[in-house]
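Written out below as C-alpha cells is the structure these notes cover.
Computation of the quantities below employed the complete heavy-atom set of this structure, encompassing side-chain atoms and omitting hydrogens, waters and symmetry-equivalent molecules. Remember, it's 1-based here, ligands and their atoms both numbered in the order they're listed. Keep in mind it's a predicted model, so treat the numbers as computed, not measured.
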Amino acid sequence: MDIDDILEEAAEVARPAAEHGKVAGYIPEMAKLDPKSFGLVMCELDGTEHGVGDIDEPFAIQSMSKVFSLILAMQKLGTEHTVTDELWCRVGREPSGDPFNSLVQLEHEQGIPRNPMINAGALVVDDVLIDHCKDPDASMRELVRQLTGDEIEINPAIATSEGGASYRNRAMANLMADFGNLNHTVDEVLTTYNDQCATMMTARQLARSMRFLANDGIEPDSGEQILDAALARRVTAIMLTCGTYDAAGEFAFSVGLPCKSGVAGGIMAVAPDHSGLCVWSPPLDSSGNSLAGRAALHELTNRLELSIF
Ligand code: GLN
C-alpha cells in the first residue's frame, strides 16, 4: 500500500475522535475554529509531499511557536556551551507532568520553569530573544521562511484576543520577574509571546518546517545548516519529553515521535531521517492536545513503522 493510501486511512480512522474533544474556548478567537477542520500531511526529506484534507488552510500555531523560539534562541546563542550558560540556567529540561499553563511548580522552583515547551518556559526563551534580536517576531518569521520558502504572518485579531485572555501567563511572568528570571518588562515579554502564538501557518508549512530536525539540523532543499546537529538533537529530545505537556508519556507510547502541539489543534512531529509531519484538528483533549491529531499520528506511525523506539 502506498503512503497516500495510508494517510487517507489514518485520517478516516482518526476523524471521528474529534467528536469527543473541545475547541479551545479560553482564547475567544480560537473558539471560532471549525471543529470539523482536519488535515494530515507528511513532507519527506527528498521533497515528496503527501497530504489529505485541510493542509493548506492557515491556523494559529499557538504553542508550536515554542519550538521555533527555542531554535531561534539556540541560533542566537550559538554553541552548546553558550546555550548552557545563558539558557539552561534559566529554564529546565524536565517534563512538568502538569498542564501547559500551570503556575504551581514555578513558586516551588524559584521561578525556573521546568522546560521551554510550557508557557512559563517559552516566556523565558522570549526574554532571551528580546536580548538578542532587534525584532524577535520578525526573526521568527524569517526562520520559518527559510524552512518553508513561504512568507508567514501574524493574525492581529488573534494576538489581541490572546492579550485579553492572558491572566495566567501574566501571573507566571510576574512571578518569574519577582524571582529575577526576566530581564525585560512583563508587557514586553507577553507581547512577543502573544504575537508568536498568533502566527498563522498551514499544516503543510509546519510539516515542511520540521524536516531539518529530521535531517541533523540541515534544511534538505537548500542544504543550509540551520542548527548545529547536536543542538537539533536537543530540540527533538525536548519535543519528545515535553512537547505535549502532561501527555508526553502517552505520545511517546502511542506515537513514538518527537511532537509539539498547539491549542488551535495542530501537532507537528519529526520522523528522523524520514520526514516532517503535521496534523490539524481543533477539538482538544483535557491536556490541550488535538484528539483526532493524536489518533492520526498513532495510526500513521504504526502503519509506516516510524516510531523511534
Ligand atoms: N497562546 C496559548 C496560551 O498561552 C498557547 C498554549 C498552547 O498552545 N498550548 O495559553
## Note on the structure
Quick look: Asn169 vs ligand 1, heavy-atom contacts under 4.0 Å, and the answer is side chain
### Query
Below 4.0 Å from any atom of ligand 1, is there a heavy atom belonging to Asn119?
yes
### Task
Could you list the atoms of ligand 1 found under 4.0 angstrom from a heavy atom of Gln62?
1 (N), 2 (C), 5 (C), 8 (O)
### Task
List every atom of ligand 1 that sits less than 4.0 Å from any heavy atom of Gly262, numbering the atoms from 1 in the order shown and giving each element.
8 (O)
### Task
Kindly confirm or rule out an N or O of Tyr193 lying under 3.5 angstrom from an N or O of ligand 1.
yes
### Task
Return yes if some donor-acceptor pair links the side-chain N/O of Ser275 with the main-chain N/O of Ala271 below 3.5 Å, else return no.
no
Show me the side-chain donor-acceptor pairs of residues 227-235 shorter than 3.5 Å, one per line, residues at least two apart or across chains.
unit_1, atom_1, unit_2, atom_2, d
Asp228, OD2, Ala230, N, 3.3
Arg234, NE, Glu80, OE1, 3.1
Arg234, NH2, Glu80, OE2, 2.8

### Message
Can you confirm whether or not the ring centre of Phe59 sits under 6.0 Å from the ring centre of Trp280?
### Response
yes
### Query
Near Cys197, which atoms of ligand 1 are under 4.0 Å from a heavy atom of that residue?
1 (N)
### Message
Using a plain distance cutoff, I'd like to know if Tyr245 has any nitrogen or oxygen under 3.5 Å from a nitrogen or oxygen of ligand 1.
### Response
yes
#### Entry: Ion pair Lys32/Glu29, N-O distance below 4.0 Å
yes
### Query
Considering only heavy atoms of Glu162, which atoms of ligand 1 have at least one such atom less than 4.0 Å away?
1 (N), 2 (C)
### Any residue meeting ring-ring contact (aromatic ring centres under 6.0 Å, His included) with Phe212, in chain and number order, not counting sequence neighbours
none
### Message
Suppose I only count heavy atoms of Phe100 and a 4.0 Å limit; which atoms of ligand 1 are within that range?
### Response
6 (C), 9 (N), 10 (O)
### Task
Among all protein heavy atoms, pick the one closest to atom 10 (O) of ligand 1 and tell me residue, atom and distance.
Tyr26 OH, 2.6 Å
### Message
Between Asp127 and Arg90, does any NZ, NE, NH1 or NH2 come within less than 4.0 Å of an OD or OE carboxylate oxygen?
### Response
yes
### Message
Between the side chains of Arg211 and Asp221, is the shortest nitrogen-to-carboxylate-oxygen separation below 4.0 Å, so that they form an ion pair?
### Response
yes
### Query
Relative to the heavy atoms of Ser63, which atoms of ligand 1 are at a distance of less than 4.0 Å?
5 (C), 6 (C), 7 (C), 8 (O), 9 (N)
### Query
So, Ser102 side chain and Asp98 main chain: donor-acceptor pair closer than 3.5 Å or not?
no
